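Side chains are part of it too, since the values below use all heavy atoms of this structure and drop only hydrogens, waters and symmetry mates. Naming convention: chains lettered A, B, ... in sequence-line order (proteins, then strands); numbering from 1 in each chain. Keep in mind it's a predicted model, so treat the numbers as computed, not measured.
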Amino acid sequence: MSKPFAITLKPGTSLANLTGTWRTERPVYINRLPPCNNACPAGENIQGWLFHAESGDYEQAWRVLVQDNPLPAVMGRVCYHPCEGACNRGQLDESVGINSVERFLGDEAIKQGWKFDAPATSTGKKVLVVGAGPSGLSAAYHLARKGHRVEIQEAGPLAGGMMRFGIPKYRLPREVLDAEVARILDLGVRLTLNTKVANIEQSMKQGGFDAAFLAVGAHIAKRAFIPAGDAAHIVDAVSVLRSMEGEDKPMLGRRVVVYGGGNTAIDVARTAKRLGATEAIIVYRRTREKMPAHDFEVEEALQEGVMIKWLSTIKQAEEGSLTVEKMVLDDKGVPQPTGEFETMEADSLVLALGQDVDLSLLEGVAGLEISNGTVQVSPDMMTGFPGIFAGGDMVPSERTVTVAVGHGKKAARNIDAWLRGATYQPVAKHEIATFDKLNPWYYSDADKTVRPMLDMIRRQTSFDEVQGGLDETNALFEARRCLSCGNCFECDNCYGVCPDNAVIKLGPGKGFQFNYDYCKGCGLCVAECPCGAIKMVPEET
Amino acid sequence: MGFQPVKFYQTGTFTVGNRLLAPMDRSVQAGQTRSNSINSGHRACQGCGEALGARYAIDAAMAESNNQLIAVNATGCLEVFSTPYPESSWQVPWIHSLFGNAPAVATGVAAAMKVKGKTDVRVVAQGGDGSTTDIGFGCLSGMFERNDDVLYICYDNEAYMNTGVQRSSATPPAARTATTMPVGPEPGNVFGQGKNLPEIAMAHGIPYVATATVADLRDLEYKVRKAMKMHGARYIHLFVPCPLGWGTASSDTILMARLAKESGMFPVFEAEHGEVTGVLKIRRQVPVEEYMKPQKRFAHLFGTHARPDMVARIQAIADRNIRKYGLLEDEGN
Amino acid sequence: MFQIRVHGRGGQGVVTAAEMLSVASFEEGRHAQAFPSFGSERTGAPVVAFCRISDKEIRLREPIMEPDAIIIQDPTLLHQIDVFAGLKLDGYVLLNSRHSIEELGLGELVKGRQAERFCTLPATELGLKHVGRPIPNVPLLAGFAALSGIIRLESVIKAINEKFSGKVAAGNVAAATEAYNLVKEMMTGGAHA
Amino acid sequence: MLKQTEGSKAVAEAISLCRPEVICAYPISPQTHIVEALGEMVKAGRLTPCEFINVESEFAAMSVAIGASAAGARAYTATASQGLLFMAEAVYNASGLGLPIVMTVANRAIGAPINIWNDHSDSLSQRDSGWMQLFAETNQEAVDLHIQAFRLAEELSMPIMVCMDGFILTHAFERVDIPSQQQVDAYLPPFEPRQVLDPAEPVSIGAMVGPEAFMEVRYLAHAKQMQAIERIPQLAAEFKQAFGRDSGGLIRTYCTEDAETIIIAMGSVLGTIKDTVDEMRLEGHKIGVLGIISYRPFPLAQVRAALINSKRFLVLEKSLAVGMGGIVATDVRMAVTGTGLKGFTAIAGLGGRPITKASLHKLFREAEGEALPPVTFLDLDWEAVNKQLERERQTRRSGPVAENILHDKGIVSAKFG
């Protein structure tokens, strides 16, 4: 067809006009650090594993998860999930139930019998891990995956540390813990129980260990000076909780008073209730807002009938009774005595005032610095003695399972580097994907899934697990509530909203790239990216 | 209404694509093989809503017609920026004739297809608000009345942008244009009774009338595809913000469309044979100020010589839309 | 060339009369040209139509100002416009009326002309009688054929059958035939003359 | 087949024989009978396949034709007067896009004052639109020109107006030979568009063309009409061979061989002129006639050749370039540039004013005697005009001009209501 000159044009010929020359700013794809990942003490790539869970690929999700944390089923129960506190979705409706999805994945792994991949190589190096708590298990796991031979020496009769001897069964069923420990041991980690390391240098030399990671935990209960009559029944929380694992259950009486405001105080009070106490009363110096225990735990305890007496200190203990002084908070929130006293009945008083570390194994080791009852470590988790690393409750930090697991991972990376004569170089963190970087319009309204709770009678009378897990539908739903903050999740918005067709879609899983020949730099893709994974940068001048 | 209900998938149907959806449930725009009916290299301004809207609409029509489509274009920005000799951005058979005759030209094309028995070839006519609501109004009404087999799409950016932002009968009250300057006691465009073209189209009793915005792609595609499934005269009024004419950031084009809808300034609905059959509810209602403030064409209503009285009158227009079309969830409908 | 002018009112079939006259002439193998006084007249308004008949091609396009024959479909026009303007001295006049030329007070007009070329015919009544409508054009055409001999009745009947069909055609043929005979009778009988 | 029929009906039959695929109809006198007849044919199924579209305006009529033609359909419409002006933008567009639309213009005056009668102001106002304009002298020629027009338009991919005098031809019953379908099919091949909207081979038609190419586009349109100068006589010759009739062509001469005075005109008035010339010839006047059939393209060389051996010419035209004089005359004068021929212009028949043999006799004699001013207004009522001019000299508000003149002429305006 001979087409009339100029009147009729060939289709699509405007490709000859490179409108990219109009641009003064260019969009670039970036990755921002999601706040959940940033907040996770265990350094989990939460968004990463949620991504797979969103598509229903739970095994892949679990595998991504356990790259950082070998204990998802435990973590899904006992972690206080700072990730959820940081979750941007919290500003939209409610944060994503990361913890519940983690538990689902952990339970699914146990149910399906998923195993860790065997280490690809063997380095021939031997590492001693002291303590089979969360930190020690985590370090052992990561070291084993890096091809080192690992032996855990544990003073107690069972692995798990505080996970077993500090956390009640109703929060962490022991078969879950056992399954996750067993999976770590399946990697070839050797566990020696009932073996207290008395002298670390000696133990290392004897065993021919190239490095050691110390994670003995904090098992010694802190005492407070409370004038007490001889007949007063005063015990510490650590012993109470530990004895729950033995044959003989602790005898606390019908009216139990717990002194303290941390999670351990809550655990003991709830345990007492389950052991048959008609009254379990927590006495705490300050107010509920100031209480270190997590609010949801406090709430659950209250639901179960635990009572809490705020702004009170125990001044004296006698047989069957306590003397309590009322306190007030001063301007700075510090409790001050009022001089008002009262008496309350109590068959026993449980002190939950914190724990100390047994540092006896370090006696005589050169270069160590001990302060406030903890071992000081460098940022690479190494103590002052080369080759000896430490983590968990025995180093200065928040004392949670998740932090401990994080320590184990971090220490393992550094031990691995040290063993290779290198220094571990952490990957630089991206800028955090804060809420203002997102375009939340695009996320559908979806309230958080509520996890099922055990009925109240059983909560008050048995040690059955209180909080249930999600089923698959719920877990999928919850995973899909993730906003994928800061990282492209292939929603195609940039591809769709570009008026100049200057975004090239590379195909599923491959993301996008800009066609700068035609991109005019309008910035629509940036504005309409739901998750803040594009930014504008000035063109070079 | 507005789009096929989709199971909750992270972003529902608000984003262009959704990797969690089955391919057949995804938008045309998410597809790697979408037609790109209007190709790269066109000379629209940065962030042009009309270029975007045209690709959205024509790609959807292409998909629904199995690429058997002919497009007719009125004079206007879209025509000028897409076909400056010697280059054309169109990848569909396309004709531009005049400012005011796109509906009639489309009628002619449709008649030719009918007479030649090419029943699979479908015809779309398109124009801006000037050509649709003003100069081409007569032809449009004629096309409607005859119920010619044409889908007419109006890209409404509320003024004559091609000629330098002059008022059209789709320009909102109080808006600044080159012919309604923000001076005098009633600055900007007059508060008239308006010219509601979708309702005028409905008054013709044609099979399908719908409004849509570039901020609700799925809804737009659903409407274009629905319209393309029908025969006879069909009308889609597509709201396409203009960064140049409105004085907004080029990156805010979709935001503006969204706020127009969420404030009630632009009701999004569909109608069959003259009766409203569905509305797209407001999802997160905003006052009209939130929509107006980022736009320089309304700047004279805010700031030092603020005119809250005029803003209130515009809010009243939005409120009336909300009542009339039942745009809020709790208002029935 | 023979030129006819038809006067009447809108709705009386004036233009049709001229056209049928041209068709009748065409049927006789002659050239004919019929045209209206192109206007925007509505029902009831005075209307004029023209017809030229010739044995060779007709090129002339001017209105007929000096007709060889005038057919007046409505006698009330006599008092309103100069229907006889330009009538040739030897011209024909056929008037739709039950009254005679004299009764209509047209004696003056006939003076100095050929009185046998002036004739009236109750065409409206004939139309009513045969077609059921007071349309006088067809009877007048037939009457004109009888009066002038310019065309034959058979040609008028052919034109009728070309224009109409069925009952209407048959009625018109009947009306035409009666009109033709009536005029012939008047001419030979001289009853009115 | 020979028929005694109305011009409009004859043209409608001719159009039908050309197998148009899309017909756009909007009523305006005096073209209505054409599209009415076509509408009936389509509805009755006698013209098929064809889409008959009742549009809402002439602007839409031409626009629908544009769309149809661009989509590869043979498109036809008809208009007149104000209607042509109302579609003017689309008229230019159709030619600019090179769409071979054929349109009948039933020539009629342009108001105000509103006037439904014949003159050539309408199509001549579209002189520069890029459309070819062919003027019919008789209804037979109108029939024949339409058949030739489709062929020419489609060969060149340019639109054509076939102009026929409103009422004088459109409403005249006369003898017309309507060709057979076989004859027309043999002469006019199916429409093979030069550009077409087709999903199988997409193109963009109607691009914006800037200074860098616009002149070339315009020149190419001009070149098309120059080609038409070649093709029109050839197509007329082929037509004669196929149909046995002289019809069309660029110009037609009558008694010009020895003529000293040549009268030039377009359209149906040529018949009256020829009758007048015949009568003058009988009296020994050396006078002839030059009919222009193809007004656009204007056959400069052919007109020059036809006039070169005469002494003087008179252009009698039914149009007026207000403030200037003749429209056709200007073109004719260009054709004879440098010949030294004496030329006169007579403006005649505006708004349907009858052009009578009597007036022509007088006019032609004056032309022969070169006793005419350069521009003559035939049968102008000087008394009425002068009275009005005088009134205006005296009073600023002298009342409605048309009304005044009608009063002066003693005609009751109500009669024209």
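- Taking a cutoff of 4.0 Å between a charged side-chain nitrogen and a carboxylate oxygen, D/E56 and B/R146 qualify as a salt bridge.
- For the atom pair CG (D/L134) and CG (D/L145), the distance works out to 5.5 Å, reported to the nearest 0.5 Å.
- In summary, of the residues considered (D/R19, D/Q183, D/Q148, D/R74), a side-chain contact (heavy atoms from CB on, under 4.5 Å) with D/L188 occurs for D/R74 alone.
- Only the side chain of B/I70 has a heavy atom closer than 4.5 Å to any heavy atom of chain D.
- For B/V92, the part lying near chain D is the backbone, with the side chain staying farther off; criterion is any non-hydrogen pair under 4.5 Å.
- Because its NZ or CZ atom is not both nearer than 6.0 Å to the ring centre of B/Y160 and within 45° of the ring axis, B/R167 does not count as a cation-pi partner of that residue.
- The side-chain hydrogen bond (donor to acceptor under 3.5 Å, both in side chains) test applied to B/S141 returns B/H204, not counting sequence neighbours.
- Across D/A73, D/P199, D/A71, D/G96, the residue that shares the most heavy-atom pairs under 4.5 angstrom with chain B is D/P199.
- For D/V55, the parts lying under 4.5 angstrom from a heavy atom of chain B are both the backbone and the side chain.
- Interface remark: D/A60 contributes backbone and side-chain atoms alike to the contact with chain B (heavy atom separation under 4.5 Å).
- Heavy atoms of B/M113 lying under 4.5 Å from chain D belong exclusively to its side chain.
- For the set B/A112, B/G117, B/P93, the count of heavy-atom pairs under 4.5 angstrom toward chain D peaks at B/P93.
- Heavy-atom distances place the side chain of D/L97, and not its backbone, under 4.5 Å from chain B.
- For B/E79, the part sitting under 4.5 Å from any heavy atom of chain D is the side chain, from C-beta outward, and nothing else.
- Chosen from D/S204, D/A65, D/A75, the residue pairing most often with chain B at heavy-atom distances under 4.5 Å is D/S204.
- Aromatic ring pairs are classed by plane angle as parallel below 30°, tilted from 30° to 60° and perpendicular above 60°; the pair B/Y235 and B/H237 is tilted.
- Contact check on D/E155 versus D/R151 returns a salt bridge, with a Lys/Arg side-chain nitrogen under 4.0 Å from an Asp/Glu carboxylate oxygen.
- B/A106 does not touch chain D: none of its heavy atoms, backbone or side chain, sits under 4.5 Å away.
- Cation-pi geometry between B/K195 and B/F137 is satisfied (NZ or CZ under 6.0 Å from the ring centre, within 45° of the ring normal).
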